[in-house]
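Input: a single structure, listed below in structure tokens.
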Amino acid sequence: MDKGLLYIVAMPIGNRGDISRRALEVLASVDRIAVEDTRHSGPLLRALGIETPMLAVHEHNEQKLLNKLIEQLQSGQSMALIPDAGTPLISDPGFPLVRACRQAGIRVVPIPGPSAVICALSAAGLPTDRFLFEGFPARTASARRQQFDCLKEQPMTLVFYESSHRIVESLKDMALIFGEDRPAVLARELTKMHETILAQTLGELCHTLESDADQRKGEFVVLVGGAKVDETRLDPESERILRLLLDELPLKQASALAAKITGRKKNELYRYALTLRQA
Ligand code: SAM
């Protein structure tokens, strides 16, 4: 018997009109839909006219159910995996199931659609050629600050998910570590009635949320502009080597030797050595 297929189906992130025609066809045709929470997905699927049986698969039982799900797929039954909102596996369950299916030779078919990270990036007006998606920031202040500290030199746009419970604390920590003047965009309630996309500095965003309780409600994507790259600055290791050599040798020799050690251009190191000496 042919193996069944596992469909990874993206769902709306608010506006039900964003479900794709292909998603509806797949959801109506599979034997079972794996959902995170039947109380959430039941009414949505009924409203979309889908009557396929549901099975609750969430982060607490996913590992336990794995063998049973793989057996069902191997016996020829097909299944769709949907999250509460957006694309499965993007800050949502499903990774162990997809990995196990691929290891078992079961075909995994993505049915693309909305995801808050891409939706926010597409309208934020920050560079999108490279971005770093961090998911949810750590919950405790110390772990969160440490996480931001590791990201503060990144030149690409940073993207975070955040809930209404922690949005103010997270924005304050971002302002503290990335700097109050760093440009940022707060994308709130995307595709919903109260959709708001605010482009301000991190300091201004903290102030906006503190002074307006409505802006603290709902679901958020926080986008932070990347760190400015100082073209004239050397990477820390090359600078360390150059400084050590400058302590012992004349400028020209130190730059030439540093170029051999680091593989960087001699002229570039010479110019940098000059600024170090002047400083
Ligand atoms: N799988 C989803 C996706 O592809 O975007 C993300 C699920 S994650 C559990 C939920 C988080 O996504 C929310 O806390 C919020 O940060 C973000 N999010 C989801 N829907 C959103 C929306 N309509 N507007 C803004 N952020 C949203």
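For reference, positions follow the sequence shown, starting with 1. Order of appearance sets the numbers: ligands from 1, and atoms from 1 within every ligand.
- The existence of a salt bridge linking K192 and E189 is confirmed by a sub-4.0 Å separation between a basic side-chain nitrogen and an acidic carboxylate oxygen.
- Grouping Ile, Leu, Val, Met, Phe, Trp and Tyr residues whose side-chain heavy atoms lie under 4.5 Å apart, directly or via other members, places F178 in a hydrophobic cluster with L132, F148, L151, M156, L158, F160, I167, V168, L171, M174, L176, I177, L186, L198, L202, L205, L209, F220, V222, V224.
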Quick check for students: name every N or O atom pair between ligand 1 and the protein closer than 3.5 Å, with distances.
{"residue": "ligand 1", "atom": "1 (N)", "partner": "A85", "partner atom": "O", "Å": "3.1"}
{"residue": "ligand 1", "atom": "1 (N)", "partner": "T87", "partner atom": "O", "Å": "3.0"}
{"residue": "ligand 1", "atom": "1 (N)", "partner": "I90", "partner atom": "O", "Å": "2.9"}
{"residue": "ligand 1", "atom": "1 (N)", "partner": "D92", "partner atom": "OD2", "Å": "2.8"}
{"residue": "ligand 1", "atom": "4 (O)", "partner": "T87", "partner atom": "N", "Å": "2.9"}
{"residue": "ligand 1", "atom": "4 (O)", "partner": "S115", "partner atom": "OG", "Å": "2.7"}
{"residue": "ligand 1", "atom": "5 (O)", "partner": "S115", "partner atom": "OG", "Å": "3.4"}
{"residue": "ligand 1", "atom": "5 (O)", "partner": "A116", "partner atom": "N", "Å": "2.8"}
{"residue": "ligand 1", "atom": "5 (O)", "partner": "Y161", "partner atom": "OH", "Å": "2.7"}
{"residue": "ligand 1", "atom": "16 (O)", "partner": "E162", "partner atom": "N", "Å": "3.1"}
{"residue": "ligand 1", "atom": "16 (O)", "partner": "E162", "partner atom": "O", "Å": "3.3"}
{"residue": "ligand 1", "atom": "16 (O)", "partner": "F220", "partner atom": "O", "Å": "2.6"}
{"residue": "ligand 1", "atom": "20 (N)", "partner": "E219", "partner atom": "OE1", "Å": "3.4"}
{"residue": "ligand 1", "atom": "23 (N)", "partner": "I13", "partner atom": "O", "Å": "2.9"}
{"residue": "ligand 1", "atom": "23 (N)", "partner": "L190", "partner atom": "N", "Å": "3.3"}
{"residue": "ligand 1", "atom": "23 (N)", "partner": "L190", "partner atom": "O", "Å": "2.9"}
{"residue": "ligand 1", "atom": "24 (N)", "partner": "L190", "partner atom": "N", "Å": "2.8"}

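- Taking the charged nitrogens against the carboxylate oxygens, K172 and E180 have no contact shorter than 4.0 Å, which rules out a salt bridge.
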Show me the side-chain donor-acceptor pairs of residues 249-256 shorter than 3.5 Å, one per line, residues at least two apart or across chains.
{"residue": "S255", "atom": "OG", "partner": "L251", "partner atom": "O", "Å": "2.6"}

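- Under the 4.0 Å criterion applied to side-chain N and carboxylate O atoms, E237 and R240 are assigned as salt-bridge partners.
- For the side chain to side chain donor-acceptor pair (under 3.5 Å) test, residues two or more places apart in sequence or in another chain that qualify with R32 are Q72, Q77.
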